[in-house]
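Residue numbers run from 1 in the order of the sequence given. Values below: all heavy atoms of this structure, side chains included; hydrogens, waters and symmetry mates excluded.
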Amino acid sequence: MNKSDFSSLPLSTELLEAVSALGYAQMTPIQAQSLPLILQGKDLLAQAQTGSGKTAAFGIGLLHKLITRANQTQALVLCPTRELADQVSKELRRLARAMPNTRILTLCGGTPIKPQYTSLEQPPHIVVGTPGRILQHLEKGSLKINTLNKLVLDEADRMLDMGFQDEMLRIIELTPARRQTLLFSATYPAQIQSISEAVQNDPAIVRLEELHDDKKIKQVFYEIQKGERTKTLIAALHTFRPESTLVFCNRKFQCQELAEELWQQGFHALALHGDLEQKERDQVLTQFANKSSSLLIATDVAARGIDIKDLQAVINFDMAHDAEIHVHRIGRTGRADKEGLAVSLFMAQEAHRVNAIEEYQNSPVTIESTTKLKLRENFRLSPPMVTLSINGGRKDKLRPGDILGALTADPNINGKLIGKIDIFDNIAYIAVERPVAKQALNILNEGKIKGRKFKARKLR
Ligand code: AMP
């Protein structure tokens with residue numbers, strides 16, 4: 001038996017079944033290193049990023065030995081954003097699929113609190129949420145965590161960035177002192193160390209080497225002159241033609257400006273920054289993830305924690321302020337055996353940042369001349385999909401199958417032309433291949449879903 005087989009762990013058959021049903025053949029490195037310790041009940045301080053499989057690592061830990069017949073909250077996961085909390089809950093539910101009656105509840109801000117009170121009438125076994133809202137429930141007495149035995153701080157660095165430190169610490173004070181605390185963080189600033197010292201008990205430390213396998217990420221740097229940033233970015237898009245690209249800017253106002261400029265140049269670009277409302281954020285991320293937008297322009301804070309696969313390129317429109325953040329940014333491409341591309345633009349006065357990256361990676365970087373970038377005539381980078389939205393969602397008991405069924409009832413729409421269907425509380429997004437977008441929109445507007453009429457529109 002290989003030591004990265006899940007079956008090498010002392011897990012229940014229900015968990016082993018769930019893992020294999022999810023198609024997880026082998027443990028990821030973070031899982032292989034941390035799960036044996038987590039299952040022994042040790043506290044853990046782990047440096048791990050989105051995409052590393054960290055959610056399943058702590059998820060398996062929380063579900064292992066969960067007593068579902070006890071009507072008590074036994075675990076709490078604190079996350080920086082609602083999106084991450086939703087992703088975590090989803091993964092936990094998938095892992096708990098063979099464990100009937102496991103109650104997992106998501107409690108986040110930005111959504112009405114009243115329905116949460118109702119859900120809390122029966123204590124959930126596991127609570128996943130954002131610090132502000134969790135604290136509100138604790139203060140009101142609607143949530144009790146005095147029976148909790150496991151606490152997870154997920155993306156702790158980002159919770160600190162977002163100013164959640166006080167809430168986090170107040171919540172932790174309300175948990176029993178005898179508990180297992182698992183702290184996950186993508187970066188490792190001094191503040192994380194001090195939080196760990198304050199709330200953990202002799203934690204085991206797992207730090208995965210952050211360096212990526214160079215073979216999987218082609219990194220190219222371009223030195224630019226003042227005023228050449230956007231032009232060079234566009235030339236890089238013409239040259240490399242990536243289907244989906246994450247572009248990093250250092251300031252949030254730049255994201256919107258750049259997205260608008262790229263629209264004018266015929267690109268489908270969306271900005272993701274801290275000023276968006278949750279609904280707008282959901283929409284932007286959905287459009288990018290379902291391949292109906294080619295470019296997502298984001299700041300580090302906004303982009304952290306998003307789990308988007310198949311990213312072909314990362315472009316550093318602005319260089320990151322430090323090498324660790326740079327490596328973290330570009331690690332979002334080149335996953336799962338696909339070669340990724342990382343393009344970075346720098347000005348002469350930023351050369352020290354390039355040197356810092358070389359030092360951090362312990363290898364020289366490739367700097368190429370911008371003259372190698374070629375603008376193509378009549379070039380278009382159209383995303384393959386278009387997103388349609390309908391004004392109904394989870395609250396209307398809509399499921400992806402209902403929408404897919406309504407569309408494919410039309411003999412002209414083959415199920416293969418429909419992409420991801422994402423359902424939120426009051427809205428659903430459907431990705432369809434561009435050539436059938438109009439037809440699909442008509443079907444949704446004219447027909448019924450589950451016997452009801454909905455209004456559909458095409459997102460730009
Ligand atoms: P995370 O880092 O938790 O956001 O996980 C990234 C993705 O990896 C998720 O889509 C998981 O479903 C997936 N994943 C987690 N563990 C494994 C595994 N052992 N093998 C394959 N995929 C996994």
Discussion item. Using side-chain heavy atoms (C-beta onward) and a distance below 4.5 Å, is Leu35 in contact with Phe6?
Written reply: yes
Worksheet item: Is atom CZ of Arg399 surrounded by more than 12 heavy atoms (other residues, nucleotides or ligands) closer than 6.0 Å?
Response: no
Atom [atom1] in [X], atom [atom2] in [Y]: separation rounded to 0.5 Å?
| X | Y | atom1 | atom2 | value |
| --- | --- | --- | --- | --- |
| Thr106 | Arg133 | OG1 | CZ | 12.5 Å |
| Leu45 | Asp202 | CG | CG | 11.5 Å |
| Met162 | Thr81 | CE | OG1 | 6.5 Å |

Worksheet item: Taking it one step at a time, do Glu155 and Lys54 satisfy salt bridge (charged side-chain N to carboxylate O under 4.0 Å, His left out)?
Response: CA-CA 10 Å; Glu155 299 200 359; Lys54 66 182 165 69; 3.5 Å; yes
Is there a donor-acceptor contact under 3.5 Å from the side chain of [X] to the main chain of [Y]?
| X | Y | result |
| --- | --- | --- |
| Thr28 | Ser52 | yes |
| Ser293 | His268 | yes |
| Asp410 | Asn412 | yes |

Worksheet item: Is any NZ, NE, NH1 or NH2 atom of the basic residue among Lys397 and Asp402 found under 4.0 Å from an Asp or Glu carboxylate oxygen of the other?
Response: no
Worksheet item: side chain to side chain donor-acceptor pair (under 3.5 Å) with His273: which of Gln256, Lys252, Arg251?
Response: Gln256
Discussion item. If the condition is side-chain contact (heavy atoms from CB on, under 4.5 Å), which residues does Ser389 pass it with, not counting sequence neighbours?
Written reply: Ile427, Tyr429, Arg457, Leu459
Discussion item. Just by distance, no angles: are the side chains of Glu197 and Gln193 close enough, under 3.5 Å, to form a donor-acceptor pair?
Written reply: yes
